[in-house]
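For the single chain, residues carry numbers from 1 onward in sequence order.
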Amino acid sequence: MNKKILSTLAYDEIKQAIYQYLVSDAGRAELASLEPIADGEKIREWLDETKDGADVLRLEGGISLPKLEDIAPQMKRLEIQGTLSVRS
């Protein structure tokens with residue numbers, strides 16, 4: 001998508017408005033790399049995930065999200081089907 005379209009859509013302003021709600025560095029990095037897409041199937045998947053989150057918020061009053069550290073190492077272990085352990 002070209003810069004004129006993104007400007008017309010106020011895309012950067014929308015991303016900036018979302019930024020204040022992010023509690024993790026991973027979320028901030030994902031938002032920074034986010035760009036519009038035209039893949040209908042992926043859009044439907046994301047809308048379903050958004051609806052699930054909205055339902056949790058509406059029915060359960062939300063969920064508590066603590067300030068998260070960088071979880072990249074743990075995600076890498078899960079990708080290779082490793083196990084997670086708890087530090088004591």
Side-chain angles (χ1 to χ4, degrees):
M1 221 169 260
N2 69 40
K3 290 184 181 197
K4 182 171 176 25
I5 292 172
L6 293 178
S7 176
T8 301
L9 294 173
Y11 192 70
D12 288 335
E13 290 86 349
I14 292 168
K15 285 172 66 172
Q16 192 61 35
I18 294 168
Y19 186 87
Q20 66 182 323
Y21 298 102
L22 301 175
V23 296
S24 70
D25 290 336
R28 290 182 190 102
E30 186 170 340
L31 179 65
S33 68
L34 196 61
E35 295 181 358
I37 64 168
D39 179 345
E41 186 173 323
K42 190 66 172 171
I43 292 169
R44 279 188 287 282
E45 179 184 327
W46 288 347
L47 285 171
D48 286 343
E49 291 174 1
T50 301
K51 182 187 176 306
D52 291 345
D55 288 346
V56 168
L57 182 62
R58 181 176 55 83
L59 298 172
E60 305 293 331
I63 55 174
S64 174
L65 295 175
K67 181 112 174 130
L68 299 173
E69 300 292 327
D70 178 19
I71 61 168
Q74 291 83 0
M75 295 303 294
K76 182 66 176 170
R77 288 195 54 77
L78 291 174
E79 285 176 18
I80 61 171
Q81 297 183 352
T83 58
L84 301 177
S85 59
V86 178
R87 290 186 199 178
S88 27

Subject >> Joint hydrophobic cluster, Leu31 plus Ile37, side-chain heavy atoms closer than 4.5 Å >> reply: no
Original post:
For Lys76, which residues count as a salt bridge (charged side-chain N to carboxylate O under 4.0 Å, His left out) partner, sequence neighbours excluded?
Top reply: none
**OP:** Report the residues that fulfil side chain to side chain donor-acceptor pair (under 3.5 Å) with Arg58, sequence neighbours left out, ordered by chain and then residue number.
**Re:** Asp55
**OP:** Decide, yes or no, whether a salt bridge links Asp48 with Lys51 under the criterion of side-chain N to carboxylate O below 4.0 Å.
**Re:** no
Subject >> Flag if over 12 foreign heavy atoms under 6.0 Å of CD, Gln20 >> reply: yes
**OP:** For residues 35-44, pull every pair meeting salt bridge (charged side-chain N to carboxylate O under 4.0 Å, His left out), keeping only residues two or more places apart or in separate chains.
**Re:** Lys42-Glu45
Could you tabulate the donor-acceptor pairs under 3.5 Å formed by side-chain atoms of residues 3-13, not counting sequence neighbours?
residue: Thr8; atom: OG1; partner: Lys4; partner atom: O; Å: 2.9
residue: Tyr11; atom: OH; partner: Leu34; partner atom: O; Å: 3.3

**OP:** Using side chain to side chain contact (heavy atoms under 4.5 Å, CB included) as the criterion, list what pairs up with Leu57, not counting sequence neighbours.
**Re:** none
